[in-house]
Number of protein chains: 2
Amino acid sequence: MGCKKHLGWRGMLKKCGCKMTKPREIILEHLSKNCKHLTVEDIYFALKNKSHDIGLTTVYRTLELMVQNGILNKFDIGDGKSRYELAFETNSKDHHHHLVCCKCGLIINYNDFIDEEIQLLKKVEKELSEKHNFKILNHIIQFQGVCSNCAKKNEETN
Amino acid sequence: MGCKKHLGWRGMLKKCGCKMTKPREIILEHLSKNCKHLTVEDIYFALKNKSHDIGLTTVYRTLELMVQNGILNKFDIGDGKSRYELAFETNSKDHHHHLVCCKCGLIINYNDFIDEEIQLLKKVEKELSEKHNFKILNHIIQFQGVCSNCAKKNEETN
DNA sequence: ATCATTGCAAAGTTTTTGCACCTGC
DNA sequence: GCAGGTGCAAAAACTTTGCAATGAT
């Protein structure tokens with residue numbers, strides 16, 4: 001799971017007139033070691049468990065800041081909680097999309113067809129961007145459905 | 001914006017052991033005439049303006065029920081409010097994806113490349129579904145970026 | 001030294017729940 | 001008639017804001 005790129009953040013923040021502080025470093029570090037869809041709560045308690053006493057407010061503010069600066073992606077799988085993950089470059093090998101179980105909220109990252117998807121996306125992005133005069137920065141692709149566990153449970157019930 | 005299909009809902013609900021009531025009918029009717037990403041608040045006040053006194057709780061419960069039964073799609077563009085729209089069939093001419101402005105929240109529906117997207121999606125769905133043993137019901141594709149208005153505003157500021 | 005950042009407590013939003021009453025089938 | 005649906009009020013869940021203290025450059 002090594003999502004490197006530890007350096008560079010400092011620079012990215014600096015360029016936006018922001019300081020690199022302990023809490024910010026710790027939060028980014030945590031996200032980089034857990035390359036997946038974390039909620040504010042997830043992060044807050046995970047850090048608390050590692051004896052890092054960072055306020056909930058700071059977590060919220062840090063994450064929002066990172067989103068504004070394109071370092072993180074924010075999305076919602078339908079449970080009303082915002083989720084954050086490193087904004088992997090479209091071409092990076094860590095880039096992925098999500099399969100979301102609408103029963104239990106399980107999220108599966110996949111990048112099986114990423115290449116084909118990306119190819120189409122790039123084309124679509126370019127043309128939509130021109131047609132609607134819209135600067136496209138990012139995309140979200142989510143498949144919603146029922147995971148194998150929930151399907152099993154459902155069979156048992158019926 | 002005639003999104004027909006007014007009949008059939010009753011049947012769909014019945015099949016799920018649910019009754020078709022006045023509030024449900026009015027809410028579905030409203031959604032079918034406003035084929036786009038409405039929040040609970042949007043719906044609640046729109047109906048209030050038409051002198052339909054439907055409780056906020058009922059709106060929440062009705063929408064959630066429709067989502068559970070596949071009649072509506074639920075998604076979040078990043079502003080923390082759930083949005084709902086009719087779950088157009090993948091092949092229907094009303095099927096579309098979204099362009100979301102991350103500055104002002106503007107949502108543009110597009111279906112320019114829908115055919116190509118759908119073709120790829122179907123393939124991806126089939127294979128992901130087998131590989132991850134996941135029953136895929138639906139998908140969300142969102143491009144995030146900056147709309148022309150916000151881009152203009154930004155230029156003026158700088 | 002200066003201005004951004006932090007953390008707490010308080011407030012704001014959005015969504016859910018409990019419960020008595022009402023309604024569709 | 002009865003299970004399911006409704007609406008109100010209250011609570012819960014998530015997020016933002018104000019402000020005094022602290023920290024980074």
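Chain letters run A, B, ... following the sequence lines, proteins first, then strands; residues in each count from 1.
In the set D:dT6, C:dT15, C:dT6, D:dT6 carries the atom at the smallest distance from any side-chain atom of B:Pro23.
In this structure, B:Glu29 pairs ionically with B:Lys33, as a charged nitrogen and a carboxylate oxygen lie closer than 4.0 Å. Between B:Asp53 and B:Lys48 there is a salt bridge, since at least one side-chain N of the basic residue sits less than 4.0 Å from a carboxylate O of the acidic one.
Phosphate contact (OP1/OP2 of C:dC25, side-chain N/O of B:Arg10, threshold under 4.0 Å): present. Phosphate contact (OP1/OP2 of C:dT16, side-chain N/O of B:Thr57, threshold under 4.0 Å): absent. Side-chain N/O atoms of B:Thr62 include none lying less than 4.0 angstrom from OP1 or OP2 on D:dG5. Contact between the side-chain N/O atoms of B:Tyr60 and the OP1/OP2 oxygens of C:dT16 is not found at any separation under 4.0 Å.
Here B:Thr21 lies in heavy-atom contact (under 4.0 Å) with sugar-phosphate atoms only. Heavy atoms of A:Lys81 sit under 4.0 angstrom from primed sugar atoms or phosphate atoms, though from no base atom. No engagement by B:Thr39 is indicated, since no non-hydrogen atom pair under 4.0 Å with the nucleic acid exists.
Residue whose closest nucleotide on DNA chain D sits further toward the 5' end, between B:Leu56 and B:Cys18: B:Cys18. The residue among B:Arg61 and B:Gly80 whose nearest nucleotide of DNA chain C is located toward the 5' end is B:Gly80.
Evaluation of atom-type donor-acceptor distances gives no pair under 3.5 Å for the side chain of B:Arg24 against the base of C:dG24. Side-chain atoms of B:Lys19 come within donor-acceptor range of the base of D:dA3, with a qualifying N/O pair under 3.5 Å.
Aromatic ring orientation, A:Tyr110 versus A:His97: perpendicular (interplanar angle above 60°, classes split at 30° and 60°).
At most 12 heavy atoms of other shown residues, nucleotides or ligands fall within 6.0 angstrom of atom NZ in A:Lys22.
Between B:His37 and B:His96, the gap from one ring centroid to the other reaches at least 6.0 Å.
Distance, A:Tyr44 OH to D:dC14 C1': 14 Å, rounded to whole Å. For B:Asp53 and C:dC22, the CG to P distance is 16 Å, given to the nearest whole Å.
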